Protein chains: 2
Amino acid sequence: MPHTTFDPHDHSACIQQALQAAQAHCAEHKLQFTKIRRRVLEILLAQHHAMGAYDILEQLAAEGQNAQPPVAYRALDFLVSNGFAHKIQQLNAYIACTHPGAEHTPAFLICRTCKGVAETCLATGNHPPAGMFGGAARDMGFRIETAVIEASGLCPACQQQDIPCA
Amino acid sequence: MPHTTFDPHDHSACIQQALQAAQAHCAEHKLQFTKIRRRVLEILLAQHHAMGAYDILEQLAAEGQNAQPPVAYRALDFLVSNGFAHKIQQLNAYIACTHPGAEHTPAFLICRTCKGVAETCLATGNHPPAGMFGGAARDMGFRIETAVIEASGLCPACQQQDIPCA
DNA sequence: CTTGATATGTTATATCATAACGTTTAATTA
DNA sequence: TAATTAAACGTTATGATATAACATATCAAG
Ligand SMILES: [Zn+2]
Ligand SMILES: [Zn+2]
Ligand SMILES: [Zn+2]
Ligand SMILES: [Zn+2]
């Protein structure tokens with residue numbers, strides 16, 4: 001069973017696996033996994049929460065790389081376009097994909113307290129939500145191409161901190 | 001059967017109904033349905049697509065009201081907080097609610113061609129998505145409080161314009 | 001009418017994102 | 001390999017979205 005953000009685990013293994021998956025995918029599809037693209041993915045992978053483009057620029061600056069905004073946005077565009085990262089629309093922020101390589105319709109669980117973000121895989125394959133809402137769409141003849149699905153709430157750990165019986 | 005954005009209908013009736021529902025809800029809950037709040041809701045109701053805060057400011061300016069950004073954002077906050085409007089996260093834009101008054105978990109269908117937005121009601125009552133993905137959340141002990149569900153694609157009309165057999 | 005709470009007007013600024021263009025690096029092919 | 005083309009990068013400037021802060025006005029109670 002694959003572990004999640006809210007499930008303590010050896011994350012360095014995740015990072016290595018994700019980087020290798022990205023590298024392999026790029027090799028196979030003749031995409032350039034350049035230094036800056038790789039570095040931005042590493043920065044995203046190091047966190048279990050979403051990061052804004054300017055957070056990434058700060059991190060790069062701390063490493064001596066004085067990059068301007070387009071540098072971050074271009075790397076993020078590449079990573080998102082190729083499925084190595086996702087944008088969390090609610091947060092205007094980006095997070096590394098935890099199902100690298102596989103085509104999927106991601107859905108996110110965002111903890112409002114610790115800011116942790118977990119990606120869950122809804123539909124496998126390329127088909128957007130077949131459930132409930134896919135039905136409503138079909139009923140009115142709407143053809144769904146992409147879906148943004150993001151839930152906010154409390155992760156297991158943060159539910160303990162919260163007012164116990166409310 | 002309630003009509004939708006992608007279903008031609010007498011929209012002036014929708015507008016009147018929505019305004020009256022908002023007014024009634026405000027009266028009952030001792031909320032101030034002020035002139036500017038009402039006007040912003042009217043502006044949103046006049047369109048079947050989402051509008052940015054600055055679009056609303058433009059409209060107000062055209063009416064002689066030279067309002068600054070906080071005016072629009074404050075009115076929008078009020079309307080969204082009280083369920084009279086929703087924010088479409090993908091578009092950084094706002095749209096009037098089509099289920100005024102009722103507690104609901106809205107989901108949106110956004111046409112990438114005509115920019116029309118239809119609101120569909122997923123779960124009635126206050127319970128976020130029990131289906132799909134509610135299961136995945138429960139499995140990992142995550143407590144969902146709110147959900148953002150937005151699909152993009154082609155509305156029935158725009159599917160005709162599109163490459164017919166692709 | 002006084003008082004406290006809520007809403008508004010206004011200025012300034014924060015935050016998120018992209019256009020445009022010249023330079024560099026990589027891939028293609030002659 | 002050298003020439004040619006395409007892709008990526010560095011940099012400046014600007015656009016688009018959103019909020020902080022504070023003074024004034026309006027409303028709701030007492
Ligand atoms: Zn993913
Ligand atoms: Zn948490
Ligand atoms: Zn609604
Ligand atoms: Zn359309």
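FYI, side chains are in, hydrogens and waters are out, and symmetry mates aren't considered; it's all heavy atoms of this structure. Here is how names work: the chains are called A, B, and so on, in the same order as the sequence lines, proteins then strands, and each is numbered from 1. Here the structure is a predicted model, which is why all the values come from computation and not from measurement.
- Where DNA chain D meets chain A (any atom under 4.0 Å from a heavy atom), the bounding nucleotides read 5' to 3' are D:dA7 to D:dT12.
- In this structure, the helix from C:dC1-D:dG30 to C:dA30-D:dT1 shows an angle of 40° between the axis at its start and the axis at its end, each fitted on 5 base pairs and rounded to 10°.
- Between B:F84 and B:F33, the two ring planes are perpendicular [angle over 60°; tilted spans 30° to 60°].
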The contact string for nucleotides 7-18 of chain C, one letter per nucleotide 5' to 3', using protein heavy atoms under 4.0 Å with B, S and - for base, sugar-phosphate only and none, comes out as SBBBB----BBB
Output a table of donor-acceptor pairs, distance under 3.5 Å, between side-chain atoms of residues 36-45 of chain A and any protein atom two or more places apart or on a different chain; print 'none' if there are none.
unit_1, atom_1, unit_2, atom_2, d
A:R37, NH1, A:Q32, O, 2.8
A:R38, NE, A:E42, OE2, 3.2
A:R38, NH1, A:Q23, OE1, 3.0
A:R39, NE, A:E63, OE1, 3.0
A:R39, NE, A:E63, OE2, 3.3
A:R39, NH1, A:E42, OE1, 2.6
A:R39, NH2, A:E63, OE2, 2.6

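- Checked against ring pair (Phe, Tyr, Trp, His ring centres under 6.0 Å), B:F108 has the following partners two or more places apart in sequence or in another chain: B:H86.
- For B:D55, the side chain to side chain contact (heavy atoms under 4.5 Å, CB included) partners at least two apart in sequence or on another chain are B:M51.
- For A:N66, the side-chain hydrogen bond (donor to acceptor under 3.5 Å, both in side chains) criterion is met by no residue, not counting sequence neighbours.
- In this structure, the side chain to side chain contact (heavy atoms under 4.5 Å, CB included) partners of A:T98, at least two apart in sequence or on a different chain, are A:E119.
- A search for side chain to side chain contact (heavy atoms under 4.5 Å, CB included) contacts involving B:A53 returns B:A72, B:Y73, B:L76, not counting sequence neighbours.
- By the ring pair (Phe, Tyr, Trp, His ring centres under 6.0 Å) test, B:F6 is found to be paired with A:F142, residues two or more places apart in sequence or in another chain being considered.
- Residue pairs meeting the salt bridge (charged side-chain N to carboxylate O under 4.0 Å, His left out) criterion with at least one partner in residues 72-98 of chain A, sequence neighbours excluded, are absent.
- For A:H48, the side chain to side chain contact (heavy atoms under 4.5 Å, CB included) partners two or more places apart in sequence, or in a different chain, are A:T5, A:H9, A:H11.
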